[in-house]
Amino acid sequence: MDRTKEGWISGFVGVLIFSGSLPATRVAVADFDPLFLTLARACIAGVLGAILLLILRQKRPDRADLPSLGIVSLGVVIGFPLLTALALRHITSAQSIVFIGLLPLTTAIFGVMRGGERPHPAFWIFSGLGGCLVAGFSLRHGYSASPTGDLLMLGAILLCGLGYAEGAKLSRRLGGWQVISWALVLSLPVTAPLPLLTWPASLSVVALPAWLGLAYVSLFSMLIGFVFWYRGLALGGIAGVGQLQLLQPFFGLTLSAVLLQEAVAWPMIAVTVGVILCVAGAKHFAKSDGKGVALIAKAEASPRS
């Protein structure tokens, strides 16, 4: 299989996994404190990542890679999970999922700034159109409902886009799953002890759905999803594959309606369909220079130590 196509497939799988993140977080914060949920999910995933790195005897990252890993940790290990958990105390998961439509645009912008990509000018038209559809919907239907929730989600999207682009760039040297594993491990000095300070007063009041939500965001959202996502971004191009995030609202809204019985009004569906249509145009004009494919192939073939 062509490795660029493989990158798109890998990115699509990552999007499918991430689509369950906000509904699972919504369920979990019903019984868990948002700060505890953020730290616990990162701690659990960090321990699992450390085990994988040890078992597979992965080479330690160079000192020069540590600042980039720090940015990844700030963006996707701490920043995005914490801000979305706080936002979901003010808005529904269906409302928050619509904001995910802005992620492709922020990821593409940071891909240019941090990854050195240069998409065709027409790419920005399709990417910007998708972002404007989502922003327009949010200003009309979300901001008046909860300005606090909207602002928290916007902050989460900015940090997440930065973490995606930085992690994808680093994946070209270290490999996709290694990047998120090392970022989680480097965060353990913070994420390991602090959950004890925010531990629930009584575990008896924590219902099973909240435990299942914690399990999902720890295993799938925090680790497995990134294995596919960073690999996809590195192989297929940050700006191009990043547009697959436009599909996440569709999957997420479906999960919110089916699992949480949340109302999904027709404007939400219309906006989601609109941004999905932007994927084809953005994909057509997003060109990968092939460097990511060659570099990640080299990273995968590098000897273990």
Side-chain angles (χ1 to χ4, degrees), residues 3 6-7 10-11 13-14 16-18 20-21 24 28 35-82 160 162-199 211-235 292-305:
R3 294 182 72 84
E6 185 180 345
S10 182
V13 174
L16 284 177
I17 293 173
F18 290 152
S21 299
L35 181 57
F36 170 80
L37 179 66
T38 300
L39 296 170
R41 65 187 278 184
C43 178
I44 294 170
V47 171
L48 294 175
I51 293 173
L52 285 175
L53 291 169
L54 287 173
I55 291 177
L56 299 178
R57 302 176 62 187
Q58 294 299 298
K59 179 183 178 181
R60 292 182 180 180
D62 296 332
R63 182 173 298 180
D65 294 328
L66 295 181
S68 290
L69 286 172
I71 293 175
V72 174
S73 297
L74 174 65
V76 303
V77 177
I78 302 296
F80 182 77
L82 177 59
C160 191
L162 175 60
Y164 281 170
E166 195 70 26
K169 183 184 72 171
L170 200 55
S171 295
R172 295 170 179 173
R173 296 197 304 275
L174 301 182
W177 73 268
Q178 293 91 332
V179 167
I180 188 59
S181 294
W182 283 117
L184 287 165
V185 168
L186 291 177
S187 302
L188 278 177
V190 174
T191 59
L194 291 184
L196 298 176
L197 301 178
T198 55
W199 192 266
W211 287 112
L212 294 176
L214 173 60
Y216 187 93
V217 297
S218 300
L219 181 60
F220 291 94
S221 304
M222 201 81 262
L223 184 60
I224 297 177
F226 280 102
V227 173
F228 291 97
W229 184 240
Y230 277 147
R231 177 179 173 80
L233 290 174
L235 288 175
V293 176
L295 288 172
I296 197 171
K298 182 179 179 181
E300 292 175 344
S302 62
R304 308 292 186 249
S305 63

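Computed from a predicted model, the values in this text were never measured in an experiment.
- Interatomic distance, L56 CG to I51 CD1, rounded to the nearest 0.5 Å: 11.5 Å.
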Check the pair L214, S218 against side-chain contact (heavy atoms from CB on, under 4.5 Å), reporting the backbone distance first and the verdict last.
CA-CA 6 Å; L214 173 60; S218 300; 3.6 Å; yes

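- Between G232 and S10, the closest heavy-atom pair is N-OG, 3.8 Å.
- In this structure, L39 and L35 have side chains that are in contact, with non-hydrogen atoms separated by less than 4.5 Å.
- Here the shortest heavy-atom pairing between P81 and G75 reads CD-O, 4.5 Å.
- To the nearest 0.5 angstrom, I71 atom CD1 is 11.5 Å from L66 atom CG.
- Closest of all the heavy-atom pairs between L233 and A168 is CB-CB, 3.5 Å.
- The OG1 atom of T38 lies 10.5 Å from the CZ atom of F80; values are rounded to the nearest 0.5 Å.
- Two residues are said to be in side-chain contact when any heavy atoms from C-beta on lie closer than 4.5 Å; Q178 and Y230 fail this criterion.
- Taking CG from L48 and CG from L52, the interatomic distance works out to 7.0 Å, rounded to the nearest 0.5 Å.
- Between W229 and Y164, the ring center distance clears the sub-6.0 Å criterion.
- Remark: F220 CZ to I17 CD1 distance equals 7.0 Å, nearest 0.5 Å.
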Does the pair I78 and T191 meet the rule for a side-chain contact (heavy atoms from CB on, under 4.5 Å), with working shown?
CA-CA 9 Å; I78 302 296; T191 59; 3.7 Å; yes

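- The shortest side-chain heavy-atom distance between W211 and Y216 does not fall under the 4.5 Å cut-off.
- A centroid separation of less than 6.0 Å is found between the aromatic rings of F18 and F226.
- Nearest heavy-atom pair, S73 versus A183, reported as atom, atom and distance to 0.1 Å: OG-O, 3.0 Å.
- Nearest heavy atoms, G163 versus V72: O-CG2, 4.0 Å.
- Closest approach of W182 to Q58, counting heavy atoms only: CZ2-O, 4.2 Å.
- Side-chain contact between L186 and P61 is absent, with no heavy-atom pair separated by less than 4.5 Å.
- M222 has its side chain out of reach of V217: every pair of non-hydrogen atoms, C-beta onward, lies at least 4.5 Å apart.
- Atom CG of L184 sits about 10.0 Å away from atom CZ of R41, to the nearest 0.5 Å.
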